[in-house]
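The model shown is predicted, which means the values in this text are computed figures rather than measured ones. Counting begins at 1 with the first residue of the sequence.
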Amino acid sequence: MARHLITSALPYINGIKHLGNMVGSMLPADVYSRYLRQRGHDVLYICATDEHGTPAELAAKEQGLPVDAFCAQAHDAQKAVYDGFALAFDYFGRSSSAQNVEITQHFARRLNENGFIEERAIRQVYSPADGRFLPDRYVEGTCPHCGYDKARGDQCENCTRVLDPTDLINPRSAISGSTDLEVRETKHLFLLQSKLQHEVEEWVSRHEDDWPQLASSIARKWLNEGLHDRAITRDLDWGVPVPADTWPELAAEGKVFYVWFDAPIEYIGATKEWADLDPANRDWKSWWYDVDTDVRYTEFMAKDNVPFHTVMFPATELGVREPWKKVDYVKAFNWLTYYGGKFSTSQKRGVFTDQALEILPADYWRYFLIANAPESDDSSFTWEHFTATVNKDLADTLGNFVNRVLSFSRKRFGDEVPAGGQPGEAETKLGEQIAELLAEYESHMESLQFRKAAAALRALWSAGNSYLEEKAPWLEIKTDKEGAALTLRTAMNLIHLYAVVSEPFIPATSAAMRQAFSLADDTASWVTPAEARTLAAVPAGTPFTVPPVLFAKLTDEDLQAYKERFGGEPEQ
């Protein structure tokens, strides 16, 4: 089977992430990774905390901690939340690792040797009140493109345009708030992207037809506007140091690499972190170096990260002149909004992932977010939509089916799967329908169409309910006990099938459904068309238990409590 390398955009270290961040990168990557593993593929899913740059320093300053201590604590806190969401990373690393320092410095040296890095004197914002040069995110102001008054000096959160601090209108220091800013001369390293323009264009042209329109259009827009040389160093205390053997003067000044230079390299660095834990059995280079025909590399990210992954990082990899693996497929997402407004980590607007887990178990959130993933356009989170989806799809369609079947069968036939007669026309029709829906589900998962995949999964669940309503074993048992037993045995096999194929979306619930049956050898990782048609994985006589309620229905009181805690009004 194929080897699949999967990465999701690195979450910033400055605080717990919101639901929009979760659905825009890590969760769909996890769903896809789980699916591929079930289908027998060799999968390596890598992520890490993005620990360098201004956000880390500002957050550490706010908490009164040294930045390294803050990052260590924040990494553990984020990882705990992702564990709570059952994100099955093969490795979740840290961009401050020694491995990332080593590989980032290697990339910089190679780019320099190949003529793609140049030292330039530039004029940069300096704050006398703070006694230091202010890197991009240390400067805030009004975006010159859209007028957003909380834009940062590296990028406008509102319109996503990449900025320089000197572009901002009415700039102020993010440290002290001082507007008494000067522009002074200092030296920095520049990546000469302009010299790599044509190579990046050729590379993008070979891939963009396969990417989602969102990713390819953003990449093409940047290329059409022309790639500009970009500073890749900053005046910060925390980051990957400029190597003294190559740039002694800048190293002596304490320059570090720009976070968006070293962060994508951390995908490689984190893989080396993973391999270094078991070097006898893990080879990080087999995933990253000279493997274009062997490994399929898929990246997951929100649209604001697309330029860095489709243009800037590929330019870096091309300029190194070494056979590093480049992305094959970029799965980009639009925004998940909160009642029409943006989720925002910096402004603490919306539901954050730790808060979500305080309210309900992870599977509620996993299913809702993927079923409403912002793929073709932005999608809106409202508590009304969330509670309606939970109640209809999870509680009524899936949870109620499982409970009805198992509870009724135990009541009338005991704690073993009843035998019943031979399958008839209704079971043959059901088997064909399930096989067809399963093929549809597989097709959408293979093409990374998550909303469509969720709809196909929901249709699989609904098919069981339709079969149950058609056969009505609670009536059938009055005149045909063997027929009712067959109906329930068939329905129990549907439950086992749901347990297997729903695992990428709702892993904890899938485990509970699967564990309801005491099968001697339950090693199924997926369901073949033949197995879907015959529905015979759970034979008669298999002991079973009735699990606790899989999904609790949410009440009007729950809805009101959520809105009182988090705010939000129904969309008009």
Side-chain angles (χ1 to χ4, degrees), residues 1-2 4 31-43 397-398 401-402 405-406 409 416-449 452-471 473 482-507 509-544:
M1 304 296 281
H4 286 267
V31 170
Y32 186 54
S33 298
R34 287 176 175 274
Y35 169 76
L36 291 174
R37 292 189 190 104
Q38 285 187 287
R39 302 308 306 275
H41 297 288
D42 188 5
V43 177
T397 303
L398 178 60
F401 175 79
V402 173
V405 169
L406 297 181
S409 187
E416 292 184 353
V417 176
Q422 293 299 311
E425 182 179 343
E427 286 70 38
T428 300
K429 176 184 173 184
L430 173 67
E432 291 298 328
Q433 182 185 14
I434 293 298
E436 184 177 315
L437 288 171
L438 184 58
E440 182 181 337
Y441 176 54
E442 291 173 0
S443 175
H444 293 319
M445 290 293 283
E446 295 287 345
S447 61
L448 288 83
Q449 297 294 316
K452 291 180 179 179
L457 182 60
R458 186 187 312 121
L460 278 165
W461 299 341
S462 295
N465 283 278
S466 297
Y467 170 74
L468 209 61
E469 292 301 319
E470 177 187 347
K471 294 295 294 290
E482 288 297 295
L486 167 66
T487 299
L488 292 168
R489 173 163 56 85
T490 303
M492 290 187 192
N493 271 279
L494 277 177
I495 293 172
H496 185 269
L497 180 144
Y498 296 160
V500 175
V501 303
S502 303
E503 194 266 349
F505 280 70
I506 47 173
T509 306
S510 291
M513 288 191 286
R514 196 159 181 161
Q515 290 162 9
F517 302 101
S518 299
L519 289 169
D521 185 25
D522 188 6
T523 59
S525 62
W526 200 247
V527 180
T528 67
E531 290 167 338
R533 290 186 180 93
T534 58
L535 292 172
V538 183
T542 301
F544 72 89

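Within a 6.0 Å radius of CD in Glu436, no more than 12 heavy atoms belonging to other residues, nucleotides or ligands are found.
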Expected list for residues 529-536: side-chain donor-acceptor pairs under 3.5 angstrom, two or more places apart:
from, atom 1, to, atom 2, distance (Å)
Glu531, OE1, Thr528, N, 2.9
Glu531, OE1, Thr528, OG1, 3.3
Arg533, NE, Glu432, OE1, 3.3
Arg533, NE, Glu432, OE2, 3.2
Thr534, OG1, Ala530, O, 3.0

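Atom CD of Gln433 sits about 12.0 Å away from atom OH of Tyr467, to the nearest 0.5 Å. In this structure, Leu468 CG and Leu494 CG are separated by 9.0 Å, a value rounded to the nearest 0.5 Å. Leu457 CG to Ser462 OG: the interatomic distance, rounded to the nearest 0.5 Å, is 9.5 Å. Considering CG of Leu448 and OH of Tyr32, their distance stands at 4.5 Å, rounded to 0.5 Å. Residue Arg34 holds its CZ atom at 9.0 Å from OG of Ser510, rounded to the nearest 0.5 Å. Taking CD from Glu442 and OG from Ser447, the interatomic distance works out to 11.5 Å, rounded to the nearest 0.5 Å.
Smallest separation of non-hydrogen atoms from Arg39 and Tyr35: NH1-OH, 2.8 Å. For the pair Leu460 and Leu438, the tightest heavy-atom approach, listed with the atom from each and the gap, is CD2-N, 4.0 Å. Taking all atoms of both residues into account, the shortest heavy-atom contact from Leu406 to Ala516 is CD1-CB, 4.3 Å. Summarising the geometry of Trp461 relative to Asn465, their closest heavy-atom pair is O-ND2, 3.2 Å, with the distance given to 0.1 Å. Residues Leu486 and Gly424 approach most closely at CD2-N, 4.3 Å, considering heavy atoms. Listed here is the closest heavy atom pair of Val31 and Pro504: CG2-O, 3.3 Å.
Counting only distance, with no hydrogens or angles, the side chain of Arg489 and the backbone of Val417 share no donor-acceptor pair below 3.5 Å. Although no hydrogens or angles enter the test, the distance criterion places no donor-acceptor pair under 3.5 Å between the side chain of Ser502 and the main chain of Ala499. The closest donor-acceptor contact from the side chain of Thr542 to the backbone of Pro539 lies under 3.5 Å. Side-chain N or O atoms of Tyr498 include one that pairs as donor or acceptor with a backbone N or O of Gly464 at under 3.5 Å.
Using bins of under 30°, 30° to 60° and over 60° for the plane-to-plane angle, the ring pair Trp526/Tyr441 lands in the parallel bin.
Two residues are said to be in side-chain contact when any heavy atoms from C-beta on lie closer than 4.5 Å; Gln38 and Val500 meet this criterion. In this structure, Glu470 and Leu430 have side chains that are not in contact, with every pair of non-hydrogen atoms separated by 4.5 Å or more. Side chains of Lys452 and Ser443 form no contact here, defined as non-hydrogen atoms less than 4.5 Å apart.
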Derivation of the side chain to side chain contact (heavy atoms under 4.5 Å, CB included) call for Met513 and Leu398: CA-CA 11 Å; Met513 288 191 286; Leu398 178 60; 4.1 Å; yes
Working for salt bridge (Lys or Arg N to Asp or Glu O under 4.0 Å), residues Glu427 and Lys471: CA-CA 10 Å; Glu427 286 70 38; Lys471 294 295 294 290; 2.7 Å; yes
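Judged as a side-chain contact (heavy atoms from CB on, under 4.5 Å), and not counting sequence neighbours, the contacts of Ala455 are Arg458.
Under the 4.0 Å criterion applied to side-chain N and carboxylate O atoms, Arg514 and Glu503 are not assigned as salt-bridge partners.
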